Amino acid sequence: MDGLKSECLDGFRLDKVDGFVGILSRNVGTPLLVVWDRLNAHRSRATTDFIAAHPQDYAVAYLPAYAPELNPEEQCNALVKRAMANALPESVADLHRLARREFCRLQGQPEMIVRFFRHTGLSVAGLP
């Protein structure tokens, strides 16, 4: 995307990260607040340059280095794991299908996502 150099860091291609942000902006709209962990691909020169080149479209907030209690995604993942606690998938594909089903179920409960953010004490404008 935008001629960014494609590199691999921890299994993630930088152009995939930037491409994903571009897809979000087209589907969700801008301005867009991107909340990232400290993955190398999120902090790379290519990614930060891409974000800096579009200041009117993106703002970035980084989560602390390791503070799961401040990461709303941790609560989301824990909820899905609890829902799948007794699952007996017969294959990796079956496990993927079960996990996707639980995440889709959660997607239909936006009030739960809001609670995850509120629980962390993070202030995010626009949350109901």
Side-chain angles (χ1 to χ4, degrees):
M1 185 168 186
D2 287 6
L4 292 176
K5 182 178 177 185
S6 174
E7 299 176 31
C8 283
L9 292 173
D10 296 335
F12 289 88
R13 286 178 37 161
L14 296 180
D15 61 340
K16 296 289 184 187
V17 172
D18 300 326
F20 177 70
V21 171
I23 289 168
L24 279 178
S25 67
R26 285 191 297 279
N27 289 296
V28 175
T30 57
L32 184 66
L33 171 63
V34 181
V35 180
W36 273 333
D37 58 15
R38 302 280 178 175
L39 182 72
N40 287 339
H42 297 160
R43 296 178 296 119
S44 72
R45 161 91 72 187
T47 299
T48 55
D49 287 351
F50 174 80
I51 296 295
H54 303 90
Q56 72 284 1
D57 296 329
Y58 307 108
V60 174
Y62 288 100
L63 295 168
Y66 184 76
E69 69 279 4
L70 298 178
N71 186 344
E73 181 185 21
E74 294 292 336
Q75 289 188 345
C76 176
N77 291 338
L79 185 73
V80 169
K81 287 177 186 177
R82 275 193 306 276
M84 295 177 56
N86 294 319
L88 296 171
E90 295 181 10
S91 66
V92 172
D94 194 29
L95 176 63
H96 183 262
R97 183 187 57 75
L98 292 169
R100 187 167 190 82
R101 182 187 69 196
E102 292 303 325
F103 278 109
C104 287
R105 186 175 299 167
L106 185 58
Q107 185 178 5
Q109 300 175 326
E111 70 284 350
M112 186 69 79
I113 305 297
V114 170
R115 279 189 234 146
F116 295 159
F117 274 89
R118 288 209 173 112
H119 175 79
T120 65
L122 294 174
S123 175
V124 180
L127 286 181

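This structure is a prediction, so every number in the text was calculated from the model and none was measured.
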K.L.:
Got a sec, which pairs hit side-chain hydrogen bond (donor to acceptor under 3.5 Å, both in side chains) with one end in residues 70-83, sequence neighbours left out?
P.N.:
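Only Gln75-His119 qualify under side-chain hydrogen bond (donor to acceptor under 3.5 Å, both in side chains).
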
K.L.:
Let me confirm one number: the CD1-CG distance from Ile51 to Asp49, rounded to the nearest 0.5 Å.
P.N.:
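So the CD1 of Ile51 and the CG of Asp49 are separated by 10.5 Å.
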
K.L.:
Who passes side chain to side chain donor-acceptor pair (under 3.5 Å) against Arg97, sequence neighbours left out?
P.N.:
Asp94

K.L.:
Are more than 12 heavy atoms, taken from residues, nucleotides or ligands other than Gln56, located less than 6.0 Å from that residue's CD atom?
P.N.:
yes

K.L.:
Report the C-alpha separation of Leu98 and Phe103 in whole Å, then their side-chain angles, then the decisive distance to 0.1 Å, and conclude whether the side-chain contact (heavy atoms from CB on, under 4.5 Å) test is met.
P.N.:
CA-CA 9 Å; Leu98 292 169; Phe103 278 109; over 6 Å; no

K.L.:
I need the Met112 CE to Cys76 SG distance, nearest 0.5 Å.
P.N.:
10.0 Å

K.L.:
If you look only at pairs with a residue in residues 101-110, which of them pass as a side-chain hydrogen bond (donor to acceptor under 3.5 Å, both in side chains), with sequence neighbours excluded?
P.N.:
Glu102-Arg105

K.L.:
Going from CZ on Arg118 to CD1 on Ile113, what distance comes out if it is rounded to the nearest 0.5 angstrom?
P.N.:
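These two atoms lie 12.5 Å from each other.
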
K.L.:
For Pro72 and Phe117, work out which heavy atoms get closest and say how close.
P.N.:
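Nearest pair, atom of Pro72 first, then Phe117: CG-CE2, 3.6 Å.
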
